[in-house]
Q: 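Sharing a structure here in C-alpha cells format.
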Amino acid sequence: MRILPVLGVLSLSAAVLVAPAPAFANKALGPTATGYGGAVSTVDPTATAVGLDVLRRGGNAVDAAVAAAATLGVTEPFSAGIGGGGFFVYYDARKRSVQTIDGRETGPATMKETHFIDPADGQPYEFAEARVSGLSVGAPGTLATWETAARKWGTRSLSSLLQPAAKVADRGFPVDATFRQQIADNAAAFGQFDSTKALYLPGGQPPAVGSTQRNPDLADTYRLIARKGTDVLYRGAVARDIVRTVQKPPVSANPVGTWAYPIRPGTLTLSDLARYQVRRPEPTKSKFRNLTVYGMNTPSSGGVAVSEALNILETAGLSKADVTKALHYYLEASALSFADRNRYVGAYTPQSVVKRLVSDGWAQQRACQIDPARALTKPVPPGNLNDSGCTPAKVGGPTEQGQSTTNLTVADRWGNIVEYTFTIEQTGGNAMVVPGRGFLLNNELTDFNFTNTQAPAADPNLPGPGKRPRSSMSPTIVLKDGQPFLALGSPGGATIITTVLQILLNRVVLGQSLPEAMAAPRASQRNTAGIQAEPAFRTTYGPALIARGHTFGPDVPELGAATAIEFTRNGGFIASAEPARRGSGAAGVVHPR
Ligand code: GLU
C-alpha cells in the first residue's frame, strides 16, 4: 500500500499553491469503506483521496474519476497514463442509462496484417522484441477519453481536473515496494532509454522504498494540456514528441544493463494522432437472475465473455450450498467463453454476432457441452455460429495474459457511477518515456495476434490499418431490479475476464459479502490445459476439482487487482479494494458510517 504523501492541497484551484493538508490526507484508506455521500475505490490512496476530494467539493462521479485517473497516471505510471488507452463505462442516474467510451489505442493507418512479422525471416517477433519497440505503440486514447467524459457528463473542466495530479507529480509521492519492484522487473528495458533511465533508474538503480518520486515533466505536460487543450497531445508539441519517440526511439549511448533485441522504430505518424477519436459503442447487456449486467463492447472482449459465461452459469441452477459445483461450472463456462472470444471477437465483429454471443440461446447451445460430473478436455472448441445444436466448431488457439493496467470505481451522491479500466498494456508499456514529457508509451498493439491463431478459420484479432487491438478489459456495472447494485473491474490481461466473473460468482451465487468476494482466492481457466490459480485456491478447492477432472497448471502468486462499489438499499456504499494483491488498494467514502 502506498502511504499518503503530504500533498499540501488537493484543491482544484491551480492558483492556491500552498495550503494545509486536508484532514483526510492523514487518514489511512484501507481496502473497505462503508458510508454515504459518494465513494471511490482505486489501487492507490493518493488517487482515491483526490477522487474523494472532488466529490466533497461537489463534483460528480465523472469529475472524480477523471481527477483520480490523472493521479493514477502519476502514481501508477507503469500501469496507466496519457500514453495509453482504456474503456470508460458510465451509469447516468437521471437518464437511468449506461453509456461507454472506447478510448482504445489505435494502430497506424499503414499497419498491415504482417506488422509483427520480421521481414528478415518471415517469423513473428519475440514478444519482448515487439513490445520494446516503436512498432507496438498505438495512438493513445486516454486523454481523449477524459476530455469526452468531462465534457459530456462532468461538471468541471478537464483543465481543473488535471491540477491535483499535476501537484502530486510536482511534489512527489513516496516510493513503495510495488513501485520499486515494477521498476526492478523492467530495469533492462528501462535502462536502454535515456528518458526512462533518468526518471526511474536514478544512479542506475531503482529508487529506494520510502524515497520521494517526483515527475516535474509530467506535471508540466498536464499543465500544458490544461492551458492549451488536448489538441497539444493529438496535433501539437506533445504529438510531435510522441511521433519522434516512436519513429526514433531515444536509445541511450550508455545503457543500464543489456537488452537482447534490436530496438525497432515504428511507423505511427502525426496524422495517426490527429485522426484519433474515441468511439461510443453501446454497452453489452445481459441478464443474470434479477440482475442486468452492462459491460464493454468491442474492441474489448470483456463484455461479451463475462456475459456469455454468466449466461452459461445461469443454465446450471447453482446455489451456495454446492461450492464445488459452482466452481466447476465457473471454470467450464470460462473455458467455453474464451474459445468463442478467441474465434469470434475482434474490433470488427458484427454487432449481430456480439448479440448472439451474449444471448441465452447461445448459452444453452454452449452449456450442453458441460458434463456436471467431469471437466471437459481443454482446449474446448468454439461454438458454431451456423448451427444451434450442440456441435462445436474446430478447436481455437491460445490466449494471452498480462499483469499491467489499473481500474477505478466511483459513485456519487446522485447515484451516477463510473467504472473505468485503463492501461499501457505491459507493466511499463513499451519502456519509452517520451523525452521531456514524463509519461511512458503503450505497447498496446502487441494485443493483436501476431499470426493467425484460429487457422484454418479467420482470426478476428490480426493487425490491420487503423485497427484497435482486442482487449480483455471488463469494466462492469450491474443493476438489480433497475437500480444500481454493483460496479467492478480489474487489471490482469485476459485474466481480467475471469476475475470479474469470479467476484460476481462469489457475491451473487455464493452469497459472500463484497469484501469477502474480493479477497477470496482466485483461479482462471482461459481454455488452456491447466487452470491458473493462486496457491490458496488450489489448496482449498483443488482436491475436489481435480476429482472432477480439472487440471491445474503452475500456481501464480496473484490474479488481478480489482476495485468495486456495492450500492446498499438505503442509499449507502460499500467501497472495496484489494486487501492484499498488488500491495493492496484504497477505498473511501465521503461520509464514513
Ligand atoms: N492490454 C490488456 C488488455 O487490454 C490489458 C493488460 C493487462 O491488464 O495486463 O486486455
Side-chain angles (χ1 to χ4, degrees), residues 42-43 72 76-81 83-89 100-107 116 127-128 130-131 136-142 145 178 182 185-186 279 281 295-306 337-338 341-342 345-347 398-408 419-431 440-450 460-461 463 467-476 488-501 522 524 526 532 556-563 578 581-582 585:
T42 82
V43 300
L72 288 167
E76 294 284 321
F78 313 120
S79 296
F87 297 99
F88 193 104
V89 180
T100 77
I101 301 173
D102 158 13
R104 186 68 160 168
E105 297 90 332
T106 301
F116 290 111
F127 182 82
R131 172 200 166 198
S136 64
V137 182
T142 290
T145 301
T178 305
Q182 289 174 330
D185 292 344
N186 274 292
R279 296 172 63 252
M296 197 62 222
N297 210 318
T298 55
S300 186
S301 59
V304 172
V306 168
S337 309
F338 264 95
R341 163 213 191 254
N342 295 344
V345 184
T399 65
E400 71 287 358
Q401 62 170 108
Q403 354 41 22
S404 179
T405 311
T406 195
N407 190 77
L408 62 86
E419 189 59 49
Y420 182 33
T421 318
F422 58 123
T423 188
I424 55 174
E425 215 301 283
Q426 290 290 294
T427 305
N430 87 333
L440 283 155
L441 288 176
N442 71 82
N443 67 299
E444 213 71 51
L445 301 185
T446 62
D447 271 2
F448 284 115
N449 292 332
F450 293 10
N461 190 37
K467 193 174 174 184
R468 300 181 180 203
R470 178 175 63 207
S471 170
S472 300
M473 290 187 270
S474 309
T476 304
L488 75 165
S490 177
T495 71
I496 292 170
I497 290 167
T498 56
T499 291
V500 167
L501 197 54
R522 293 186 186 138
S524 182
R526 303 189 305 287
Q532 238 182 11
V556 287
E558 58 184 46
L559 290 164
T563 71
E578 296 284 357
R581 295 180 185 93
R582 214 188 272 181

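Side chains are part of it too, since the values below use all heavy atoms of this structure and drop only hydrogens, waters and symmetry mates. Read the numbers this way: they start at 1 and go in the same order the structure lists the ligands and their atoms. Position 1 is the first residue of the sequence, and the numbers go up from there.
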Q: In terms of atom number and element, which parts of ligand 1 are under 4.0 angstrom from non-hydrogen atoms of Ile496?
A: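 It comes down to these atoms of ligand 1: 8 (O).
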Q: State whether a side-chain donor-acceptor pair under 3.5 Å links Asn407 with Glu419.
A: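 Their side chains do contain a donor-acceptor pair, which is all the 3.5 Å distance test asks for.
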Q: Give the atom numbers and elements of ligand 1 that come within less than 4.0 Å of a heavy atom of Glu425.
A: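 So the answer, numbered in order with elements, is 1 (N), 2 (C), 6 (C), 9 (O).
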Q: Suppose I only count heavy atoms of Met473 and a 4.0 Å limit; which atoms of ligand 1 are within that range?
A: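 Going through ligand 1 atom by atom, the ones under 4.0 Å from Met473 are 4 (O), 10 (O).
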Q: Are the side chain of Thr142 and the backbone N or O of Gly84 linked by a donor-acceptor pair below 3.5 Å?
A: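 Yes; judged by distance alone, with no hydrogens or angles, the pair exists.
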Q: Is there a nitrogen or oxygen of Pro491 sitting under 3.5 Å from a nitrogen or oxygen of ligand 1?
A: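 It does not: no N or O of Pro491 is found under 3.5 Å from an N or O of ligand 1.
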Q: Which ligand 1 atoms, with their elements, are less than 4.0 angstrom from a heavy-atom of Asp447?
A: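 Going through ligand 1 atom by atom, the ones under 4.0 Å from Asp447 are 1 (N), 2 (C), 3 (C), 4 (O), 10 (O).
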Q: With a 3.5 Å cut-off and no angle check, do the side chains of Glu425 and Asn443 form a donor-acceptor pair?
A: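 Short answer, yes.
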Q: Please report the closest heavy-atom contact between Glu105 and Pro140, naming both atoms and the distance.
A: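 What the structure gives for the nearest pair is CG-CA, 4.0 Å.
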Q: Looking at Pro460 and Arg470, what are the two nearest heavy atoms and their distance?
A: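 So the minimum-distance heavy-atom pair works out to CG-NH1, 4.1 Å.
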Q: Which ligand 1 atoms does Ser472 reach within 4.0 Å, using its non-hydrogen atoms?
A: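 Every atom of ligand 1 under 4.0 Å from some heavy atom of Ser472: 3 (C), 4 (O), 10 (O).
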Q: Checking contacts here: is it the side chain or the backbone of Glu444 that comes within 4.0 Å of ligand 1, counting heavy atoms only? Could be both or neither.
A: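 The part of Glu444 near ligand 1 is the side chain, not the backbone.
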Q: At under 4.0 Å between heavy atoms, is it the side chain or the backbone of Arg468 that contacts ligand 1, or both, or neither?
A: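 Under 4.0 Å from ligand 1, Arg468 contributes no heavy atoms.
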Q: Does ligand 1 have an atom under 4.0 Å from some heavy atom of Arg104?
A: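 Arg104 counts as a contact of ligand 1 under the 4.0 Å cut-off.
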Q: Inspect the contact between Arg104 and Glu444 and indicate whether a charged nitrogen and a carboxylate oxygen are less than 4.0 angstrom apart.
A: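 Result for this pair is yes, salt bridge flagged.
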Q: Quick one: do the Ser524 and Thr498 side chains pair a donor with an acceptor below 3.5 Å?
A: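 Yes - a donor-acceptor pair under 3.5 Å links their side chains.
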